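To keep things clear, I will list the structure first and then write my remarks on it.
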Amino acid sequence: MRQDIASVLLTEAEIKKRVAELGVQISQDYAGKDLVAICILKGALHFMADLTREIDIPLAIDFMAISSYGAGTKTSGEVRILQDLDAAIADRHVLIVEDIVDSGLTLKYLVDNLGSRRPASLRIVTLLDKPARRAVTISPDYNGFEIPDEFVVGYGLDFDEKYRNLPFIGVLKPEIYEK
Ligand code: 5GP
């Protein structure tokens with residue numbers, strides 16, 4: 001698996017440190033509020049598990065699964081809900097937990113969809129942001145790292161459902177996805 005990685009962009013230690021910082025900030029911002037963290041499956045799974053353990057206030061967790069790229073490396077812009085939330089979010093403070101914002105189309109869809117359910121507030125935390133490729137005006141409220149326009153895998157991010165279990169974020173060798 002590791003032989004398919006061209007370079008390590010973010011090490012396990014760098015991710016851990018930044019996730020802890022985000023946790024402190026989010027704990028301060030949401031103190032005393034009814035917080036629901038929504039993990040966008042599957043890519044945000046690892047980030048969600050680590051981030052919520054760095055948040056030192058009570059919160060609820062929920063999951064939403066949406067369609068992603070499939071075996072390609074570019075988004076179609078068409079988003080489908082594969083699994084919806086368990087609980088209603090009306091009047092609650094909702095934090096969308098995402099792995100990466102690329103074109104922003106997925107996030108725009110989620111913000112429109114969840115926003116229509118009348119939460120008390122709606123914010124986004126993403127581990128990674130690729131601002132170079134933005135197609136719609138949307139920016140995360142909390143961002144772990146800004147990264148260059150490269151296809152990355154690991155720490156939840158996949159290519160063709162593989163590499164999610166790498167503990168770091170790496171750049172996949174182009175020959176893997178150009179096969
Ligand atoms: P967007 O709609 O912003 O273009 O794409 C968002 C989704 O595309 C992310 O949630 C993620 O699943 C996927 N994605 C975008 N860039 C990358 C990348 O560099 N690597 C991987 N593995 N997935 C990506």
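Treat the numbers as computed from the prediction; the structure is a model and nothing was measured. For reference, positions follow the sequence shown, starting with 1. Order of appearance sets the numbers: ligands from 1, and atoms from 1 within every ligand.
The distance from ligand 1 to the heavy atoms of V152 drops below 4.0 Å at these ligand atoms: 18 (C), 19 (O), 20 (N), 21 (C), 22 (N). Residue contact check: D158 has heavy atoms under 4.0 Å from atoms 21 (C), 22 (N) of ligand 1. Near E98, meaning under 4.0 Å from one of its heavy atoms, ligand 1 places the atoms 10 (O). Of all atoms in ligand 1, numbered sequentially from 1 with element shown, those under 4.0 Å from a heavy atom of E150 are 19 (O). Interface atoms of ligand 1 facing S103, defined by a heavy-atom separation under 4.0 Å, are 1 (P), 2 (O), 3 (O), 4 (O).
Under the 4.5 Å side-chain heavy-atom criterion for ILVMFWY residues, a single connected hydrophobic cluster contains both I26 and F145.
Inclusion of L107 in the set of residues having an N or O under 3.5 Å from an N or O of ligand 1 is not warranted. For ligand 1, the polar-atom distance check finds no N/O of V101 at less than 3.5 Å from any of the ligand's N/O atoms.
When non-hydrogen atoms are compared, ligand 1 lies under 4.0 Å from the side chain of D99 (C-beta onward) but not from its backbone. Only the side chain of K130 comes within 4.0 Å of ligand 1, counting heavy atoms alone; its backbone N, CA, C and O stay farther away.
With 3.5 Å as the limit, one finds a donor-acceptor pair spanning the side chains of Y142 and D29.
A donor-acceptor contact shorter than 3.5 Å links the side chain of S27 to the backbone of D56.
Taking a cutoff of 4.0 Å between a charged side-chain nitrogen and a carboxylate oxygen, K42 and D99 do not qualify as a salt bridge. Using a cut-off of 4.0 Å between Lys/Arg side-chain N and Asp/Glu carboxylate O, K173 and D4 are scored as not salt-bridged. A salt bridge is absent between D112 and R117; no separation between the charged side-chain nitrogens and carboxylate oxygens falls under 4.0 Å. Ion pairing of E14 with K17 is absent here, as no side-chain N (NZ or NE/NH1/NH2) approaches a carboxylate O to less than 4.0 Å.
Ligand 1 lies less than 4.0 angstrom from a heavy atom belonging to F151. For G104, the closest heavy-atom approach to ligand 1 falls below 4.0 Å. The closest approach between K108 and ligand 1 stays at or above 4.0 Å for every heavy atom of the residue.
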If you apply the rule side-chain contact (heavy atoms from CB on, under 4.5 Å), what do you find for L35 with I57, and how did you get there? CA-CA 9 Å; L35 174 61; I57 56 169; 4.1 Å; yes

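Nearest to atom 23 (N) of ligand 1 by heavy-atom distance, out of L41, D149, L157, is L157.
The aromatic ring centres of F168 and Y155 sit 6.0 Å or more apart.
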